[in-house]
Asker: 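Could you have a look at this structure, given as structure tokens, before my questions?
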Amino acid sequence: MGRRVAEGLLGFLIALPAIAQIQITAVTTSAGFVPGLPAYGGLCTIFVSGLTGINGVVTAQSLPLPVSLAGVQVYFGNLAAPLYGVASLNGYQQINIQVPYESSIFSITVSQGSAVSSPVTPSFDAAPGEFFQDADGRAIV
């Protein structure tokens, strides 16, 4: 009897679906997509794979920015980052965040439900980044 229970339990465990894993593929400034993190409070884009249930673009609808959109959260150490957009379009996924002013840890993880990425530690660049240049070459940062 004990063997049948064990065989039944083993069959049940093998049938469980694997937990989805989120992969961080790049961390860039949102201005110019330069690799690394912008200055504190700057806008950052994280390119990922493995997010589920998102079709199109989900944007923040209020201020202060939420720390969760479509179930997605980004952490700098244990500090949740404000999110202003999550997108999944044509097989590409990205998360747009604001680098927390309070953060002193630059190890980033992304989570959605029970799926969690491995931590990554991108380089840190104190430059704000350029979003646009006008005809005279002046930058809007």
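The structure displayed is predicted, hence computed values, not measured ones. We count residues from 1, following the sequence as given.
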Asker: Any side-chain heavy-atom pair from Gln21 and Ser118 closer than 4.5 angstrom?
Answerer: yes
Asker: Under the criterion side chain to side chain contact (heavy atoms under 4.5 Å, CB included), which of Leu43, Thr28, Thr29 is the partner of Pro38?
Answerer: Thr29
Asker: Can you confirm whether Pro35 sits close enough to Ser123 that some side-chain heavy atom of one is under 4.5 Å from a side-chain heavy atom of the other?
Answerer: no
Asker: To check you understand the geometry: which heavy-atom pair defines the closest contact between Tyr75 and Ser111, and what is its length?
Answerer: CE1-OG, 3.8 Å
Asker: Is there a donor-acceptor pair under 3.5 Å between the side chain of Ser117 and the backbone N or O of Ile22?
Answerer: no
Asker: Checking the side chain of Gln73 only, and the main-chain atoms of Ala80 only, is there a donor and an acceptor separated by less than 3.5 Å?
Answerer: no
Asker: What heavy-atom pair brings Ile54 and Gln112 nearest, and what distance separates the two atoms?
Answerer: CD1-NE2, 3.9 Å
Asker: Which Ile, Leu, Val, Met, Phe, Trp or Tyr residues join Val57 in one cluster when any pair of side-chain heavy atoms under 4.5 Å counts as a link?
Answerer: Leu89
Asker: Taking the side chain as C-beta and beyond, is there a heavy-atom pair between Val48 and Val72 under 4.5 Å?
Answerer: no
Asker: Give the minimum heavy-atom separation between Leu79 and Pro100, together with the two atoms involved.
Answerer: CD2-CB, 3.6 Å
Asker: For the residue pair Thr45 / Ser30, report whether a side-chain donor-acceptor contact shorter than 3.5 Å exists.
Answerer: yes
Asker: Please report the C-alpha distance between Phe76 and Leu37 in whole Å, then the side-chain angles of each, then the deciding distance to 0.1 Å, and finally whether the side-chain contact (heavy atoms from CB on, under 4.5 Å) criterion is met.
Answerer: CA-CA 11 Å; Phe76 283 66; Leu37 291 170; 3.9 Å; yes
Asker: Taking transitive links into account, so neighbours of neighbours count too, which hydrophobic residues share a cluster with Phe33 at under 4.5 Å side-chain distance?
Answerer: Phe47
Asker: Could you check whether Gln94 and Tyr92, counting side-chain N and O atoms only, form a donor-acceptor pair closer than 3.5 Å?
Answerer: no
Asker: Check Ile46 against Val74 and note the closest heavy-atom contact, atom names and distance.
Answerer: CD1-CG1, 3.8 Å
Asker: Can you name the nearest heavy-atom pair linking Leu69 to Ala60, along with the distance?
Answerer: CD1-N, 3.9 Å
Asker: Restricting to non-hydrogen atoms, name the atom on Ile108 and the atom on Pro122 that form the minimum distance, rounded to 0.1 Å.
Answerer: CD1-CG, 3.8 Å
Asker: Using a 3.5 Å distance criterion without hydrogens, assess whether the side chain of Gln93 forms a donor-acceptor pair with backbone atoms of Ser88.
Answerer: no
Asker: Is there a continuous path of hydrophobic side-chain contacts, each under 4.5 Å between heavy atoms, that joins Val110 to Val67?
Answerer: no
